[in-house]
Each structure stands twice: as C-alpha cells, then as structure tokens.
There are 2 protein chains.
Amino acid sequence: MATIKDVAKLAGVSVATVSRFINKNGYVNEETKLRVEQAIDKLQYERNAMARGLATKKTETIALILPDISNPFFPELARAVEDVARTYGYTVILCNSDNQVNKEKGYIHVLKQRYIDGILFASHTLGAEEVGLMKKNNIPFVVLDRVPAEVECSVVRSKNFEGAQIAFQHLQEVGCRKIAHIYGPQELATAKERLMGYEQLAREFDWFSPSLMVQGDFTIDGGGIAVELLMSRHPDIDGIFIGNDLMALGAMKKLKQMGIHVPDQVAICGFDGIHLTKIADPELTTIAQPTYEIGMMATRLLIKKIEGLMEEDQTHEFDVTLLSRGSTERKIQV
Amino acid sequence: MATIKDVAKLAGVSVATVSRFINKNGYVNEETKLRVEQAIDKLQYERNAMARGLATKKTETIALILPDISNPFFPELARAVEDVARTYGYTVILCNSDNQVNKEKGYIHVLKQRYIDGILFASHTLGAEEVGLMKKNNIPFVVLDRVPAEVECSVVRSKNFEGAQIAFQHLQEVGCRKIAHIYGPQELATAKERLMGYEQLAREFDWFSPSLMVQGDFTIDGGGIAVELLMSRHPDIDGIFIGNDLMALGAMKKLKQMGIHVPDQVAICGFDGIHLTKIADPELTTIAQPTYEIGMMATRLLIKKIEGLMEEDQTHEFDVTLLSRGSTERKIQV
DNA sequence: AACAAACATGTAACCGGTTACACATCATAT
DNA sequence: ATATGATGTGTAACCGGTTACATGTTTGTT
C-alpha cells in the first residue's frame, strides 16, 4: 500500500505538498498539482484514515445507539442515518443497547477510545450521568425522543402529546364512545407523553376511569396481554388508542382470537407508522411519525455539531400524521 | 486525555513496560504491574484505538454490507452480527448497498482506507471483481447466501433448494393439486435455488406448465402484482409457493382484495421466516431460515479469519424449517 | 526601486501507540 | 565457577499522516 511518502518521492515533492494537495488547503502550484495527481493515480494511493485520524483527531465516523435494530421502528431510522452520513462522508457504527444503561456506558467508552466524532442516541435510558460523560469527553451528540428540558442537549422528536390527541379525536369521530388506552413503559418519554395526551382529553368524559389505562411493554405479545386485561375490565369499550404499533398489532390479533371484531366492535389506533401496519388485516390506523425525516434531521444536526457549524443546542419537533385505515373504519357510524 | 506516556511517567517506568502490561505480552514484574495499574486508574487512562490501529494495522472493526437494513429480513441478521462482534470486542459498521455494485465498491474503498479488519457481505451483487478487490487488498471476508462454487471464499447460507422442496411437499400434503411459484430476481442465488427446487418437483406433474412460474421482485407490492398475473393465467391453482415472505404477504393481501380465500381456495407458503409472518391473518406458513444463527456463524467465521485461526475457506449450510401455519391450514383436506 | 503581500515548498515535530533490540539481573544446570 | 535461559526494563524506530514554521520566489503597489 502506497503511502504519502511514496507519492511525494514519485512526484518529486515533499509530503507536506502532497498533503496540501490532498486536503486542498495551502498553496500548491498548478504544475505540481498535476505531478502529484499523476503520482497518486499511478500508485493508487489512498490516504490512511487511521494515520489521519491520529493526527487530526477526527474519524468521520458516528455511532448510532439504539435499543434494538430488530425492533421494526428502527431500521428505517438507521437507514436514514446511514444515508445522510454517507453523503457527508461519514461512516456509521451500529450499537444495540437493549435499553440497558451499562451497555450504553460500555459503548460510550469504546466509542471514545475510537475517537468517534459523534453519537446519535435513539436509546431511551440515557440519563444525566451518560450525558455528563459525553459532555465531559466533549463528544457531540444528538438524542431522539427525549423530553427537551431534562438535560441541555440537542433533541429531535415527534409531537407525541398532540399525536395522542389526534388519535383520540379520530376514534371519537368514527363513533367510539368509550375509548381506552394501552400505554408503554413510563421510563420512555414518548410513552409518557402519549399517555398524557390521551388522559387530558379522556378525563373530560364521564365514562372515564383510570382503569381504562393499561400498561404494556411496547411488544406484540405485550399488546395482546394488555388488551385481554382491558377487555375483561371493560367489556363495553369500543375504541382503543394504543401507544405503539407493535402493541396495537398484538392487540388486534388477540381481539380476533377473542372473537371481537375490529373495527366494528372495537376500533384500534396505533402510533409510529411502521410498515407492518399495512400488512395487518384490517390495516392498522396509526399516528405516523416521519421516521426517515427524523433520522435525516438528527444526523444533519449531529454533523453540524461535529463540524462546529452549530453551537447552541436545538430541539426539532416533527408533526405526526393520522393514517386512517381499516382498523377504525366502522360501518356503524354515529 | 491521558496518554501512555503520562501513565509511564506516573508509574516511573517506560512506555514499553506500560504497553506490555496493557497488552499482556512480554514480562512485567508483579510489583511494576501494580504501580502501572494504579497509574492507569488514577489517570483514567484509555488507550487510543487510532494510535494502536496505526501501529498494529488492526482496528477491531468489521463492516456489514447488506442491501437495505429496512428490509425486514436484515435487522435480525444485523443484530446477530453485532451481538457476536461485541463479545469479541469488535465494532460493526453498517453499510446499505441497495444491491448496487458501485455503492459496494465505494464501501470497499472507504473500508480499506479505514483499515477495517473484515467484511461481511449480505449484499447480493458481489461479483468476481469485488471479490478480487477484496482478495487483492487482503481483506478477510465472509459472504452470505451465495452459491459456493462461483469464487473461492467462505460462505454461510441456507438450504434454499431443499427448503423449496419442503414447501412444495407441504402444499401437496395439505391438498393442493396445482401449485404455482412466484420467484425472486434471478441475480440472487437464493431466488434461483428456490425456483430450481420448485421446478424439479413440479415438472413431474402433468398439470405443470412454465407459466405457473412468475417472477417477482421480493417486495410486498411485487408479490401482489405477481399473484394477480398468476391468477389471471391460472384461475384454478390452489397453492402457491412464494420465494420470500415479503412477496407472500403482498400476495395474501391482494388475494383477499380479489375475494380469493386463503387458505381454502389458495394455500400460500413463503420463505425466510421473518417476524411479520405472524402478524398476517391468517398467519403465513413459511420456510424459516435460522437468521440469527446465520449471522452468528458468519461473524464467528469472519473473526476467525481475521485472527488467523482459519486458513481454508469454509461453507456452512443451515437447515431450514417448515413453520406450518394458517395460510396452509385447509379445512378441505384431500 | 523598495517593500508588502501572495504564492510555493520543504523541514521536522507531533499525534499515541507497538515492538525489535539491547542490556541487566537472577536462577539453574553443568 | 561458568554457561544458559528466563525474567524485567528501557531506548528508539516506526506506523502514515498533518501542520507550524521557515524560507524563497513572484507579483503588485507606490
């Protein structure tokens, strides 16, 4: 493998000149440029990222820490991140944290050792301590789906609270008279906000009861379990807003097994807008997040931070959109 | 950030000794070890992967090149890869090739510059040229889902041919009398083998006709289009083996729209065993690949190659298993 | 003509590790 | 008593780049 010295020798110049040419900084004579270029071509020289990184302390690498890539919400996000990163010449390291703090910390250490330029946090357990760790080590980072206040940092997120309210109103509009909610783990800001959005509206009605709110774990099976409990408590509910699509799909399946018809007996509205929602039968109505856009925005923000084009922390909130589909398409309108 | 020199100074030894201690090679006196260890603790020293990589030409990083992480087949694979990689201290770089040769080449270049230790190829377009590029640059690699003969390299794959035959036989056993096949892009070895498995058995029957084999593109929508064509040609078919689950799901959806009942009128069997198959209604019968195991095996193989524990190229073939579910559960048995 | 500014290039230190080699000490075998 | 091998440590070269600084040459200005 040719090195910069080989190129310099062949072109009859010093390594400094070659370096200047490659990085396009400093003066290089036109003729010299030509000679260097030819030498590079002839030797098929490619600059060594390792050596460069050691000297510059930049690696053009970012890390994406997420709970689990096999959770259907994340692949699209990951794809967006990688797409944007690549256009800027960055490489993406994939990290699955399983929402475990110690794994996250482990990653942060490894990433620090490797001079990673920045980290994208789509993992939810991020606490003040990790944030401190990142700030202390001066690693730029952007987080997804966090409540903005908590710690000072850049955030990209969706309007969960508003989305929940859109879901609730939609269920009402299709004729639901008693609407329940299955919410996700309360450590997750997203789940909490969606719950709050629901509760605020639901409380206004006399049919409301706290037992209409049941916790699930954001998995398919969890959705089934939660809906079973819910139906046993309140056999008369006719609409459920479910905190994420995975649970909603699980709930739909379970309802079918229980002989309860969706949407006529119970209408269902999920949240997230993952692709699976179109495979279900009936298709699942959901509050869709612009997942790809979120990933793009977060990556752009991170790269801006890395390249020093942005000082202040920013928060970006994306609108969500109702995808009204079969699971709330009731024949019996009010 | 503390460097090895700082540690050496504090411990009152040379950097060589510290390095020996850290890497556990060469002799270090027990007492000295203690002093060095204390210095490391006190300074919170972490060794710089960049400098180390420059000196050793190893980075403890592997790349996973796949067509598209948002294709539901790949997240589980990626997860397996990352899990195994992490236990060996390796980091994973994610690359989406969209099955485009130039993107793959681009990645190989970037990865070479970065001294990546090895590459896992789950992308299908890999041709002799790229393989040559890798071999020339002496980058260890393992490929997934390739026909073994093609070029000399390590391969991890499933028994596609056999799987197709299991699917065919299963459809027969549940009473299908005229079984069609929707196959995937023939550039993909997997798709080709599945087609061959089907064709070999189907040809034996007098109902067979080449027009029972229709090409699809391995996407959900493609499955719908293909099944529509198929049913217009052969309204009397009562079973379809479909080359991957995504197309099978699309086909099921389309059949439902066409008013054709699955499984009673047409039974469907897919291939891959992605999780989505359980969300569909009826659940999709499929030939499941041990995706996670495949990822694990491939990663282990790659790391062995990297660490020089394996010279010869190996091929690993995994058995597939029939998951018999609703989409082939016919009330009208023969 | 004198001088500043722009242009062009080279030297060498530095980034933070690894490791070959030299050297010293000590225990053991002969 | 001496040779031998194991143990323990330091020096300095090296990995392959970047870049501050020095130096020399043009060009333009007044």
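Chain A is the first sequence line, chain B the second, and so forth, proteins listed ahead of strands; every chain is numbered from 1.
- Qualifying side-chain contact (heavy atoms from CB on, under 4.5 Å) partners for A:Ala39, counting only residues two or more places apart in sequence or in other chains: A:Val7, A:Leu10, A:Ala11.
- Of the possible polar contacts, one joining the B:Asp117 side chain to the B:Glu60 backbone as a donor-acceptor pair under 3.5 Å is found.
- Using a 4.0 Å cut-off on heavy atoms, none of the residues of residues 1-11 of chain A approach DNA chain C.
- Taking the ring axis of B:Phe141 as reference, the NZ or CZ atom of B:Lys305 stays within 45° of it and closer than 6.0 Å to the ring centre.
- Formation of a donor-acceptor pair under 3.5 Å by the A:Arg157 side chain with backbone atoms of A:Thr190 is not found in this model.
- Without hydrogens or angle criteria, B:Thr56 side chain to B:Arg52 main chain gives a donor-acceptor distance under 3.5 Å.
- Between the B:Thr61 side chain and the B:Ile116 main chain, no donor and acceptor come within less than 3.5 Å of each other.
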Donor-acceptor pairs are to be reported for all side-chain atoms of residues 95-103 of chain B against protein atoms at under 3.5 Å, with residues two or more places apart or in another chain.
unit_1  : atom_1 : unit_2   : atom_2 : d
B:Ser97 : OG     : B:Asn99  : N      : 2.9
B:Ser97 : OG     : B:Ser123 : OG     : 2.6
B:Asp98 : OD1    : A:Arg79  : NH1    : 2.9
B:Asp98 : OD1    : A:Arg79  : NH2    : 3.4
B:Asp98 : OD2    : A:Arg79  : NH2    : 2.7
B:Asp98 : OD2    : B:Lys103 : NZ     : 2.8
B:Asn99 : OD1    : B:Ser123 : OG     : 3.4
B:Asn99 : OD1    : B:His124 : N      : 3.0

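- In this structure, A:Thr17 reaches the sugar-phosphate backbone alone: every heavy-atom distance under 4.0 Å involves primed, P, OP1 or OP2 atoms, never a base.
- With a 6.0 Å cutoff to the six-membered ring centre and a 45° limit on the axis angle, B:Lys105 does not count as a cation-pi contact of B:Tyr107.
- Atom CG in A:Asn25 sits roughly 12 Å away from atom C1' in D:dA20 (whole-Å rounding).
- Using a 4.0 Å cut-off between charged side-chain N and carboxylate O, A:Glu82 and A:Arg86 make a salt bridge.
- A cation-pi arrangement is not found for B:Lys112 relative to B:Tyr115, the charged atom failing to lie both closer than 6.0 Å to the ring centre and inside a 45° cone about the ring normal.
- End-to-end axis angle for the helix from C:dA1-D:dT30 to C:dT30-D:dA1, using five pairs per end and rounding to 10°, comes out at 40°.
- Not one N or O on the side chain of A:Ser158 forms a donor-acceptor pair closer than 3.5 Å with the backbone of A:Phe318.
- Side-chain atoms of A:Asn23 never come within 3.5 Å of backbone atoms of A:Asn25 as a donor-acceptor pair (strictly under, hydrogens ignored).
- For the segment residues 27-52 of chain A, the set of residues with a heavy atom within less than 4.0 Å of an atom of DNA chain C comprises A:Tyr27, A:Val28, A:Asn29, A:Thr32, in numerical order.
- A 4.0 Å heavy-atom criterion places the boundary nucleotides of DNA chain C facing chain A at C:dA6 to C:dG16, written 5' to 3'.
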